[in-house]
Amino acid sequence: MKILFFLDTIHCGGKERRALELISFLKEKKDYEISLVVIEKDIFYKYVYELGIPIIIIERKFTKYDPLLFIKFYKYCCSFKPDIIHSWGIMSTFYAIPTKLILRVPLISSMIADSQRNFAIFSLPSLLFQANIYFSNIILSNSKAGLAAYKVKTKKAKVIWNGVHLERFQQKFDSEKVRKVFGIKTNFIIVMVAAFSTYKDYDLFLDIAKEIRKIRDDITLIGVGDGPKMEEIQQRIKNEQIDNVLLTGRQKEIEPIVAASDIGLLCSRSEGISNSIIESMALGKPIITTDINGGSKEIIIEGVTGYCTDRNVEKIIVLINLLLDNSDLRISMGAEGRERISSFFSIGRMGNDFMSLYKEVLA
């Protein structure tokens, strides 16, 4: 089976990581031949070059809505002759539609990866989105919350949850080494792995740090990631002298840092299915998140593996204290979380779900 993956970008993001994880999984199967087409040339995840697949860049030259991309994509498809086109964004799906119609190739669109519709009903992105729904054979989301947020009610709509390679989390990690590298001397560590963006809300993260510092001095809050708001957050830490927060910047390996922590925190405004939450739970950490209307409730079992709570500093601090002051609860929640990820969010489960979908579409 020949699958052509069509992505808008391979920038730093959960959707891009998910696509590459799936490609890696399919490459191990003898029945699949994979090719990758990307619209933008800047590639963050360099390991894509190690996958051993053709990578074609059909870069936009004139405008965001470059009409030449329709022709470039069509010509490549005539050469590769895919059985299925699997697109991963609004623009890549839109550019694939003429080829889908001319060559009669099924089109699967994984363009929903969050749970907050960020364009107006009467707008060009909305028009493109509706066209994509009409012409795609399957509309995929990584959460039920995503389909609800985008008001996709067609029978074409399906959900496949994210999956991770469980072996990443099954080795032994040196927590003392992490503490030494980052100079952490407090008893407890709370970690938030997220891009520094408006949606992830590091301002709330700092508000929590400031308030909890008033009542206890045994916690270091670590922010792992990079993004457009990082300098702003760094400046706020400096201006307000917030001394219990550490920002590590982008890290190639987040597993040792999360493994050394006691609680995973995510101050999101909205999520589809969060890789950060999955990874923290896979490492046996209880989770506190403010994503009460998104996909996090599909991962977290409330009160069993963690908590989805309001965007309220006082409520979050109550939960932090509850977990830090009760090691048995912390350990049991972490164990339950690890088991849940192993059962429902493995790369094997995700890959098999996609393979079943491909066979279903071709049938």
Side-chain angles (χ1 to χ4, degrees), residues 12-14 114 116 118 175 177-254 256-271 274-277 279-280 285-294 296 306-326 330:
C12 181
D114 59 15
Q116 184 170 343
N118 54 11
S175 297
K177 181 179 179 180
V178 171
R179 287 176 168 272
K180 186 177 294 185
V181 167
F182 293 106
I184 301 169
K185 297 179 180 179
T186 55
N187 291 336
F188 300 111
I189 299 173
I190 297 174
V191 65
M192 175 161 153
V193 181
F196 282 73
S197 66
T198 301
Y199 290 114
K200 302 303 182 181
D201 199 359
Y202 272 94
D203 281 305
L204 177 58
F205 180 78
L206 295 190
D207 291 341
I208 295 166
K210 286 179 65 177
E211 290 303 311
I212 206 163
R213 184 67 175 83
K214 296 176 182 178
I215 57 176
R216 58 194 305 168
D217 59 2
D218 58 348
I219 305 170
T220 297
L221 290 92
I222 301 181
V224 182
D226 198 357
K229 287 182 69 69
M230 187 166 187
E231 287 187 13
E232 178 184 324
I233 295 300
Q234 287 173 326
Q235 192 61 47
R236 186 181 164 197
I237 291 172
K238 181 179 179 180
N239 292 344
E240 300 177 24
Q241 298 181 333
I242 306 173
D243 64 359
N244 59 343
V245 169
L246 169 67
L247 305 183
T248 69
R250 183 181 293 157
Q251 298 290 312
K252 288 185 178 180
E253 294 184 345
I254 59 94
I257 300 174
V258 176
S261 69
D262 299 283
I263 298 173
L265 176 64
L266 193 60
C267 299
S268 295
R269 297 182 187 277
S270 68
E271 292 285 347
S274 166
N275 284 326
S276 174
I277 290 177
E279 290 163 351
S280 293
K285 307 303 171 183
I287 301 296
I288 300 173
T289 180
T290 57
D291 175 39
I292 59 174
N293 296 316
S296 296
Y307 303 98
C308 294
T309 188
D310 297 327
R311 306 180 58 73
N312 179 286
V313 173
E314 288 74 22
K315 288 185 178 181
I316 295 168
I317 289 176
V318 167
L319 294 173
I320 289 174
N321 286 329
L322 174 66
L323 288 170
L324 294 186
D325 294 338
N326 189 333
R330 221 167 48 240

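It should be emphasised that the depicted structure is a prediction, and the values quoted were computed from it without experimental measurement. Residue numbers count from 1 along this sequence.
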Please list every donor-acceptor pair under 3.5 Å in which a side-chain atom of residues 312-324 meets a protein atom from a residue at least two apart or in another chain.
residue: Asn312; atom: OD1; partner: Glu314; partner atom: N; Å: 3.0
residue: Asn312; atom: OD1; partner: Lys315; partner atom: N; Å: 2.9
residue: Lys315; atom: NZ; partner: Asp310; partner atom: OD2; Å: 2.6
residue: Asn321; atom: OD1; partner: Arg216; partner atom: NH1; Å: 2.8
residue: Asn321; atom: ND2; partner: Ile317; partner atom: O; Å: 3.3

Taking Ala209's backbone N and O only, do any of them form a donor-acceptor pair with Asn244's side chain (distance below 3.5 Å, no angle check)?
yes

Any side-chain heavy-atom pair from Phe182 and Thr220 closer than 4.5 angstrom?
no

Would Glu271 and Lys200 count as a side-chain contact (heavy atoms from CB on, under 4.5 Å) if you check the C-alpha gap in whole Å, the side-chain angles of each, and the deciding distance to 0.1 Å?
CA-CA 9 Å; Glu271 292 285 347; Lys200 302 303 182 181; 2.5 Å; yes

Less than 4.5 Å apart, side chain to side chain, heavy atoms only: is that true for Leu247 and Met230?
yes

Could you walk me through whether Arg269 and Asp114 pass the salt bridge (Lys or Arg N to Asp or Glu O under 4.0 Å) check?
CA-CA 10 Å; Arg269 297 182 187 277; Asp114 59 15; over 6 Å; no

Do Lys177 and Lys180 come within less than 4.5 Å of each other through their side chains, counting heavy atoms only?
no

Answer yes or no: is there a side-chain heavy-atom contact under 4.5 Å between Ile287 and Cys308?
no

Side-chain donor/acceptor of Ser261 to backbone N/O of Ile190, under 3.5 Å
no

Using a 4.5 Å cut-off on heavy atoms from C-beta on, say whether the side chain of Thr248 contacts that of Ile222.
yes

Yes or no on side-chain contact (heavy atoms from CB on, under 4.5 Å) for Ile263 and Ile189, after CA distance, side-chain angles and deciding distance?
CA-CA 7 Å; Ile263 298 173; Ile189 299 173; over 6 Å; no

Are the side chain of Tyr202 and the backbone of Ala194 linked by a donor-acceptor contact shorter than 3.5 Å?
yes

Quick check against the 3.5 Å criterion: does Arg330 have a side-chain atom that pairs as donor or acceptor with the backbone of Asp325?
no

Contact between Asp207 and Glu211 at the side-chain level, heavy atoms closer than 4.5 Å - yes or no?
no

Quick one: does Arg250's side chain get under 4.5 Å of Val224's, heavy atoms only?
no

Evaluate the side-chain proximity of Lys185 to Arg179: yes if any heavy-atom separation is below 4.5 Å, no if none is.
no

Would you please test Ile184 and Leu246 for side-chain contact (heavy atoms from CB on, under 4.5 Å) and show each step?
CA-CA 9 Å; Ile184 301 169; Leu246 169 67; 4.2 Å; yes

Are Asp291 and Arg311 close enough for a salt bridge, meaning some N to O gap below 4.0 Å?
no

Identify whether the distance between the nearest side-chain nitrogen and carboxylate oxygen of Lys285 and Asp262 falls below 4.0 Å.
no

